[in-house]
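Heads up, the thing below is written out as structure tokens.
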Amino acid sequence: QVQLVESGGGLVQAGDSLRLSCAASGRTVSSYSVGWFRQAPGKAREFVATIRRIYSTTYYGDSVKGRFTISRDNAKNTVYLQMNSLKPEDTAVYYCAAASRTFGSETTYLQGASYDYWGQGTQVSVSS
């Protein structure tokens, strides 16, 4: 079983950048596909990005494509989410999650139910 801890959130202005970290313990992060999700107040959880266990294939939500980059550092047992050109609508609690299963379709990786382990979240607030 893996434990996940997010960090790196904060309050920034529109156009700024942040890098979120998802530090894993208990198991190596390379054993999992790891995704980032976010949830704003009063809104449903939204898929942000994921990096697959195999070949490190990445997927992104439409609202963050071209601005966010997910990456993994196996030596540090950490997954990162680099967020550039932040917008007020990016304001949310960001969660990382790990999936132990391997799926055949991209669509499955976009669903929160596909992930087995979750962190506690980190707040990102973007002012206009």
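For the residue pair Asn84 and Ser17, a side-chain donor N or O sits within less than 3.5 Å of a side-chain acceptor on the partner. Side-chain polar atoms of Tyr32 and Arg53 form no donor-acceptor pair below 3.5 angstrom.
Results of the side-chain contact (heavy atoms from CB on, under 4.5 Å) test with Val124 over Val93, Leu11, Leu20, Thr91 single out Leu20 as the only residue that passes.
Expressed to the nearest 0.5 Å, how far OH of Tyr80 lies from OG1 of Thr69 amounts to 14.5 Å. For the atom pair OG of Ser30 and CD1 of Ile54, the computed distance is 11.5 Å after rounding to the nearest 0.5 Å. To the nearest 0.5 Å, atom CD1 of residue Ile70 and atom OH of residue Tyr59 are 12.0 Å apart. Going from atom CZ of Phe68 over to atom OG1 of Thr58 covers 14.5 Å, rounded to the nearest 0.5 Å. Summarising the geometry, atom CZ belonging to Arg19 is positioned 11.5 Å from atom CE belonging to Met83; distances are rounded to the nearest 0.5 Å. Interatomic distance, Glu6 CD to Cys22 SG, rounded to the nearest 0.5 Å: 5.5 Å.
Residues Phe37 and Trp118 place their aromatic rings such that the two centres sit under 6.0 Å apart.
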Inset, instruction - Give the intermediate values and the outcome of side-chain hydrogen bond (donor to acceptor under 3.5 Å, both in side chains) for residues Thr57 and Glu106. - result: CA-CA 10 Å; Thr57 301; Glu106 175 180 347; over 6 Å; no
Inset, instruction - Would you sort out whether Leu18 and Leu86 count as a side-chain contact (heavy atoms from CB on, under 4.5 Å), showing the intermediate values? - result: CA-CA 8 Å; Leu18 275 178; Leu86 283 162; 4.1 Å; yes
Inset, instruction - Would you sort out whether Arg38 and Val64 count as a side-chain contact (heavy atoms from CB on, under 4.5 Å), showing the intermediate values? - result: CA-CA 11 Å; Arg38 66 187 183 186; Val64 306; 3.9 Å; yes
Legend entry - Chi angles and distances behind the side-chain contact (heavy atoms from CB on, under 4.5 Å) call for Asp90, Arg67: CA-CA 11 Å; Asp90 294 318; Arg67 300 188 298 123; 2.8 Å; yes
Inset, instruction - Output, in order, the C-alpha distance, side-chain angles, deciding distance and verdict of side-chain hydrogen bond (donor to acceptor under 3.5 Å, both in side chains) for Ser33 and Tyr115. - result: CA-CA 8 Å; Ser33 296; Tyr115 295 80; over 6 Å; no
Legend entry - Chi angles and distances behind the side-chain hydrogen bond (donor to acceptor under 3.5 Å, both in side chains) call for Ser125, Gln123: CA-CA 6 Å; Ser125 299; Gln123 176 71 47; 3.3 Å; yes
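Contact check for Gln120 versus Cys96: no side-chain heavy atoms found under the 4.5 Å cut-off. Proximity of Phe103 to Tyr109: side-chain heavy atoms (C-beta onward) are separated by under 4.5 Å at one or more points.
At distances below 3.5 Å, at least one donor-acceptor pair connects side-chain atoms of Gln39 with backbone N or O atoms of Lys43. Looking only at distances, no side-chain donor or acceptor of Ser114 sits under 3.5 Å from a matching main-chain atom of Gly112. Under a 3.5 Å cut-off, the side chain of Asp116 and the backbone N or O of Ser100 do form a donor-acceptor pair. A donor-acceptor contact shorter than 3.5 Å links the side chain of Asn77 to the backbone of Ala24.
Clustering ILVMFWY residues whenever any of their side-chain heavy atoms sit less than 4.5 angstrom apart, transitively, puts Tyr95 in a cluster other than the one holding Trp36. Both Val29 and Tyr117 are members of a single hydrophobic cluster when ILVMFWY side chains are connected at heavy-atom separations under 4.5 Å. When the side chains of ILVMFWY residues are joined at heavy-atom separations under 4.5 Å, either directly or via intervening members, Tyr94 and Leu110 end up in two distinct hydrophobic clusters. Cluster membership check: Val79 does not share its hydrophobic cluster with Phe47, using side-chain heavy-atom separations under 4.5 Å among Ile, Leu, Val, Met, Phe, Trp and Tyr.
For the pair Ala14 and Ser128, the tightest heavy-atom approach, listed with the atom from each and the gap, is CB-CA, 4.3 Å. Ser21 approaches Thr78 most closely through the heavy-atom pair CB-CG2, 4.1 Å.
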